[in-house]
Amino acid sequence: MHVLILGGTTEARRLAELLDGTPGLTVTSSLAGRVAGPRLPPGEVRIGGFGGVEGLTAWLVEHRVNALIDATHPFAGTIGFHAARAAATAHVPLLAVLRPGWVPVEGDDWHEAGSLEEAAALLPALGSRVFLTTGRMGLAAFAGLDALWFLVRSVDAPESPHPARMEVLLDRGPFTLDAERELLHRHRIDVLVTKDSGGAATAPKLTAAREAGVPVVVVRRPPVPEQVPAVAGPEEAARWITELPHGRAFPTAG
């Protein structure tokens with residue numbers, strides 16, 4: 001039985017770890033290749049895109065994939081829709097691993113935005129020293145805010161266009177609450193921008209912001225394909241895979 005896992009997320013790596021060594025099971029993890037030096041999961045790994053729906057469909061058929069897991073980042077964009085269409089065409093069972101989003105609690109000062117551009121438009125009224133944790137992609141949305149200063153945290157160095165007044169912090173989670181508190185204090189941050197990525201690895205910044213009275217601009221998640229079965233974590237996905245009939249026929253073209 002061959003399982004293809006889409007995503008370089010924590011959930012995708014954990015799922016590969018849970019399935020590693022299972023008799024009769026081959027696991028291939030597919031990473032987009034947007035991060036230099038990614039943390040590789042066990043098992044077989046491929047890096048790079050498939051070439052759209054047609055390319056992914058062909059890969060599923062050529063490599064005789066029996067189950068497809070979409071464990072990509074909540075902001076991965078179109079890959080979820082591509083996976084849904086490819087799985088349907090190749091007649092391969094599909095499961096999505098959807099990390100639960102963050103929920104505001106008492107004391108939070110959250111401002112929702114539908115996009116990075118909307119988030120940028122909110123900033124001048126909220127603060128002047130911005131902690132930007134949306135990654136290195138999409139910094140062009142903030143490039144025109146010359147009156148604001150940005151601390152940009154990302155795994156890899158960002159490229160232009162980006163804010164004129166910017167300091168870059170190269171780091172990757174998980175982050176501790178004490179470290180986030182110190183960071184906000186040291187850089188005199190008065191507004192935080194984040195995507196609703198969910199999960200525990202980067203959540204401490206929200207607690208630190210709440211404690212410091214720092215407003216948070218939260219970019220809402222993009223839509224996901226309807227009618228795709230989903231679970232919240234890798235353990236549930238692993239159970240779903242083990243319950244699939246191992247004798248299932250390989251997909252064929254047509």
Side-chain angles (χ1 to χ4, degrees), residues 5-20 29 31-32 34-35 37-42 69-77 79-80 95-113 116 119 130-138 151-156 169-187 189 191-222 224 229-241:
I5 303 174
L6 303 176
T9 59
T10 301
E11 290 81 4
R13 288 192 300 273
R14 178 58 180 155
L15 178 56
E17 292 169 356
L18 290 171
L19 298 177
D20 187 41
S29 297
L31 282 60
R34 294 176 180 171
V35 175
R39 295 173 179 171
L40 299 180
I69 305 292
D70 176 13
T72 53
H73 192 275
F75 286 83
I79 183 61
L95 182 73
V97 180
L98 293 178
R99 180 191 307 168
W102 290 318
V103 178
V105 300
E106 184 177 356
D108 281 328
D109 181 12
W110 284 18
H111 303 260
E112 289 196 354
L116 292 177
V130 185
F131 184 22
L132 190 57
T133 65
T134 55
R136 66 186 179 91
M137 310 294 287
L151 175 65
V152 176
R153 182 163 68 190
S154 64
V155 176
D156 296 320
L169 176 61
L170 298 181
D171 203 354
R172 75 168 84 206
F175 303 106
T176 67
L177 178 55
D178 284 344
E180 299 291 62
R181 287 168 174 157
E182 194 277 334
L183 186 149
L184 294 185
H185 176 74
R186 172 161 45 94
H187 292 280
I189 298 299
V191 60
L192 165 68
V193 182
T194 183
K195 295 176 178 178
D196 180 16
S197 300
T202 60
K205 63 189 174 189
L206 301 174
T207 302
R210 183 189 316 124
E211 294 176 348
V214 170
V216 181
V217 177
V218 181
V219 181
R220 293 189 299 270
R221 293 182 175 188
V224 296
V231 295
E235 289 77 14
E236 296 166 276
R239 286 194 295 271
W240 180 82
I241 291 171

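For the pair Ala113 and Ala119, the tightest heavy-atom approach, listed with the atom from each and the gap, is CB-N, 3.6 Å. The heavy-atom pair separating Leu151 from His187 by the smallest distance is CD2-CD2, 3.7 Å. The minimum heavy-atom distance linking Phe75 with Val219 is given by the pair CZ-O, 3.3 Å. Taking every heavy atom of both residues into account, Ala12 and Gly7 meet most closely at CB-O, 3.0 Å. Contact between Pro229 and Leu95 at its shortest, heavy atoms only, is O-CD1, 3.4 Å. When all heavy atoms of Ala209 and Leu184 are compared, the pair lying nearest together is N-CD1, 3.7 Å.
Proximity of Leu6 to Ile69: side-chain heavy atoms (C-beta onward) are nowhere separated by under 4.5 Å. When side chains are defined from C-beta on, Leu170 does not count as touching Asp156, because their heavy atoms never get closer than 4.5 Å.
In this structure, CG in Leu169 is found 6.0 Å from CG in Leu183, a value given to the nearest 0.5 Å. Here the straight-line distance linking atom CD of Glu106 with atom CZ of Arg210 works out to 10.0 Å at 0.5 Å rounding.
Under the rule for a side chain to side chain contact (heavy atoms under 4.5 Å, CB included), the partners of Pro104 that lie at least two apart in sequence or sit in another chain are Asp108, Trp110. Legend: residues meeting salt bridge (charged side-chain N to carboxylate O under 4.0 Å, His left out) with Arg220, ordered by chain and number and at least two apart, are Glu112. For Asp109, the side chain to side chain contact (heavy atoms under 4.5 Å, CB included) partners two or more places apart in sequence, or in a different chain, are His111, Pro215. Glu182 meets the side chain to side chain donor-acceptor pair (under 3.5 Å) test with Arg186; sequence neighbours excluded. With sequence neighbours left out, Glu236 forms a salt bridge (charged side-chain N to carboxylate O under 4.0 Å, His left out) with no residue at all. Annotation: side chain to side chain contact (heavy atoms under 4.5 Å, CB included) contacts of Ala212 (sequence neighbours excluded): Val214. Considering only residues two or more places apart in sequence or on other chains, Asp171 meets the salt bridge (charged side-chain N to carboxylate O under 4.0 Å, His left out) condition with none of them. Taking the salt bridge (charged side-chain N to carboxylate O under 4.0 Å, His left out) definition, one finds that Arg99 meets it with Glu11, sequence neighbours left out. Partners of Ala238 by side chain to side chain contact (heavy atoms under 4.5 Å, CB included), not counting sequence neighbours, listed by chain and number: Leu15, Leu18, Leu19. In terms of the side chain to side chain donor-acceptor pair (under 3.5 Å) criterion, residue partners of Thr72 (sequence neighbours excluded) are, by chain and number, Asp70.
A donor-acceptor contact shorter than 3.5 Å links the side chain of Arg13 to the backbone of Gly8. The backbone N or O of Asp196 lies less than 3.5 Å from a partner atom in the side chain of Arg221, making a donor-acceptor pair.
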Donor-acceptor pairs under 3.5 angstrom involving side-chain atoms of residues 174-181: please list them, not counting sequence neighbours.
{"unit_1": "Thr176", "atom_1": "OG1", "unit_2": "Ala179", "atom_2": "N", "d": "3.1"}
{"unit_1": "Asp178", "atom_1": "OD1", "unit_2": "Arg181", "atom_2": "NH1", "d": "2.9"}
{"unit_1": "Glu180", "atom_1": "OE1", "unit_2": "Arg153", "atom_2": "NH1", "d": "2.9"}
{"unit_1": "Glu180", "atom_1": "OE2", "unit_2": "Arg153", "atom_2": "NH1", "d": "3.4"}
{"unit_1": "Glu180", "atom_1": "OE2", "unit_2": "Arg153", "atom_2": "NH2", "d": "2.8"}
{"unit_1": "Arg181", "atom_1": "NE", "unit_2": "Glu211", "atom_2": "OE1", "d": "2.7"}
{"unit_1": "Arg181", "atom_1": "NH2", "unit_2": "Glu211", "atom_2": "OE1", "d": "3.3"}
{"unit_1": "Arg181", "atom_1": "NH2", "unit_2": "Glu211", "atom_2": "OE2", "d": "2.8"}

Residues 197-207 side chain polar contacts: donor-acceptor under 3.5 Å, at least two apart:
{"unit_1": "Ser197", "atom_1": "OG", "unit_2": "His73", "atom_2": "NE2", "d": "3.4"}
{"unit_1": "Lys205", "atom_1": "NZ", "unit_2": "Thr133", "atom_2": "OG1", "d": "2.9"}
{"unit_1": "Lys205", "atom_1": "NZ", "unit_2": "Thr194", "atom_2": "OG1", "d": "3.0"}

